[in-house]
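Predicted, not measured: the structure shown is a model, and the values here were computed from it. Naming convention: chains lettered A, B, ... in sequence-line order (proteins, then strands); numbering from 1 in each chain. We use all heavy atoms of the structure for the numbers below, so side chains are in, but hydrogens, waters and symmetry mates are not.
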Protein chains: 2
Amino acid sequence: MNSTSAPEPAQPTERIPAAERREQILAAASRVFGERGYSGATTDQVARVAGISQPYVVRMFGTKENLFLEVLARALDRLVTSFRQIIQEPREAGPAATELLASRLGAAYVDLIEDRGILLSLMQAFISGHNPVIGAKARAGFLEIYRMLRDEAGFPPDTIREFLADGMLFNTLLAIRLPDIFHEDPAAAELMRCTFRGKLDVVLDATAAESTDADAAPAPPAAGHVDAAKDDK
Amino acid sequence: MNSTSAPEPAQPTERIPAAERREQILAAASRVFGERGYSGATTDQVARVAGISQPYVVRMFGTKENLFLEVLARALDRLVTSFRQIIQEPREAGPAATELLASRLGAAYVDLIEDRGILLSLMQAFISGHNPVIGAKARAGFLEIYRMLRDEAGFPPDTIREFLADGMLFNTLLAIRLPDIFHEDPAAAELMRCTFRGKLDVVLDATAAESTDADAAPAPPAAGHVDAAKDDK
DNA sequence: GTCTATATAGGGATAGAC
DNA sequence: GTCTATCCCTATATAGAC
């Protein structure tokens with residue numbers, strides 16, 4: 001309380017290579033943007049989750065919009081990479097081949113969006129059609145997936161439509177956190193069973209381990225405790 | 001420039017009953033929240049679209065969150081009402097009855113979300129699972145629809161799933177403004193045709209008439225012009 | 001590579017006049 | 001019923017030290 005001065009230099013953050021720090025920030029930003037939305041998230045929250053100072057975040061990415069764009073690109077990239085890899089795996093021919101591939105891709109998709117950062121960054125982008133920059137990226141990304149399914153996976157249009165529709169339902173159910181009330185509401189359980197089928201357990205498991213803590217203290221050194229615990233609104 | 005004083009009382013807005021004004025504000029808020037998101041929207045933008053002053057908006061709804069909640073409730077209400085009405089219409093029995101009803105409900109849904117305010121208010125709510133108040137409303141609303149389809153429409157689980165999945169795909173394609181590039185991108189056209197089918201024309205038509213103008217001048221009296229035209233970022 | 005300090009703007013909400 | 005004025009907090013971004 002009355003120490004002569006020394007404004008607590010806040011743990012002199014470890015000095016690590018920029019590239020690595022970049023990754024940390026992107027990971028943190030993905031989670032924070034996911035929880036609070038593009039406008040709702042603050043660079044300060046991102047900084048806290050990443051364990052560094054707010055100005056450093058801005059320093060590294062120039063602007064908040066820029067940061068979001070990188071987060072979005074990263075999410076799309078993971079999605080595309082994951083899909084392409086599965087498509088290129090050797091697969092048996094036969095009538096059920098398409099169906100089997102679709103189900104593999106679906107499973108991979110669920111695994112991906114288990115990461116709320118990825119899920120919600122994508123959804124954030126979807127509802128930003130109004131924003132010229134973000135909106136354009138969202139459209140381009142969506143169509144890239146469409147073309148991949150058509151040209152690389154060889155899906156017929158209706159299969160693509162069904163696949164995408166299922167994906168959007170996955171998105172929504174996870175976004176509204178239906179798994180949270182799986183045990184309280186029978187209707188929720190029914191809908192989830194019928195939607196996620198074999199993947200139900202994965203979805204339910206992931207429900208436990210989470211919480212972003214964009215508020216509260218800085219993160220990195222497993223410090224004892226800090227005063228903080230500011231807003232949460 | 002050098003008028004003695006008189007800070008331009010800004011058209012002395014017409015004095016109308018509170019209930020009516022309420023509706024105006026809700027309509028305006030629906031559009032603004034839809035375009036900018038919950039956090040991205042400002043009460044001032046809502047006020048401008050409604051043609052009144054910012055403090056009055058706050059006055060009437062207490063807080064911004066409250067205003068959003070009312071917008072959301074209004075959207076859900078319209079949805080529920082519209083569906084219920086269709087379900088209760090007399091319908092022929094027979095094997096194709098379920099399918100026919102589903103297609104009618106689907107068409108009604110597209111009509112509803114043609115209103116970007118409604119569409120995006122719903123989607124905003126979906127991605128606010130994190131917010132205890134809004135998130136809870138979103139879950140409750142979604143499950144209400146589910147139960148209605150199950151208990152009132154008598155749909156089997158898989159039909160419900162497909163129906164909801166299609167709906168979520170509608171949402172997404174409209175949210176990212178795919179109709180905007182219908183003529184520029186063949187893949188976009190393909191996907192939209194196959195998704196919206198008979199409703200394609202409706203979706204494409206509505207694409208023209210829009211733009212919120214939350215920025216720029218006040219609205220109501222067809223005034224000559226005003227300076228304004230502020231941000232737009 | 002990372003921080004502290006701070007300029008500066010924006011936005012929600014309140015007070016009180018008309 | 002509606003506005004003007006305005007308080008005050010929050011958030012992005014910049015400057016510059018270490």
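- Spacing between atom CD1 of A:I25 and atom P of D:dT12 amounts to 14 Å, rounded to whole angstrom units.
- Comparing C:dC3, D:dC3, D:dT14 against the side chain of A:I52 picks out C:dC3 as the nearest.
- For the pair B:K64 NZ and D:dC9 P, the computed distance is 18 Å after rounding to whole Å.
- In this structure, B:F126 has its ring center closer than 6.0 angstrom to the ring center of B:F142.
- Among the heavy atoms of the strands lying under 4.0 Å from A:A41 are primed sugar atoms or P, OP1, OP2 only; no base atom is included.
- Protein atom CD of A:Q54 is 10 Å distant from nucleotide atom P of D:dA11, rounded to whole Å.
- For the atom pair B:D185 CG and B:L178 CG, the distance stands at 7.5 Å (nearest 0.5 Å).
- Summarising the geometry, the separation between CE on A:M60 and C1' on C:dG1 is reported as 8 Å, rounded to the nearest angstrom.
- In this entry the distance linking OH of B:Y56 with P of C:dG12 reads 19 Å, nearest Å.
- Neither OP1 nor OP2 of C:dT2 sits under 4.0 Å from any side-chain N or O of A:S53.
- Of the candidates C:dG12, D:dT2, D:dA13, the closest approach to any side-chain atom of B:I16 belongs to D:dT2.
- Atom CG in A:N66 sits roughly 14 Å away from atom P in D:dT12 (whole-Å rounding).
- Computed from coordinates, the B:R36 CZ to C:dG10 P distance equals 13 Å when rounded to whole Å.
- OP1 or OP2 of C:dG12 has at least one side-chain nitrogen or oxygen of B:T43 nearer than 4.0 Å.
- Looking only at distances, no side-chain donor or acceptor of A:K64 sits under 3.5 Å from a matching main-chain atom of A:V58.
- If you find the closest nucleotide of DNA chain D to A:R59 and to B:A18, the one lying nearer the 5' end belongs to B:A18.
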What's the verdict on side-chain hydrogen bond (donor to acceptor under 3.5 Å, both in side chains) for B:R48 and B:Q45, showing C-alpha distance, side-chain angles and the deciding distance? CA-CA 5 Å; B:R48 282 207 292 272; B:Q45 287 161 355; over 6 Å; no
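- Ring geometry for B:Y38 versus B:F68: interplanar angle of 30 to 60°, hence tilted.
- Remark: A:R21 is in phosphate contact with C:dT2, judged by side-chain N or O atoms under 4.0 Å from OP1 or OP2.
- The distance from atom OH of B:Y38 to atom C1' of C:dG12 is 10 Å, rounded to the nearest whole Å.
- Distance from the side chain of A:R15 is smallest for C:dG1 among the nucleotides D:dA5, C:dG11, C:dG1.
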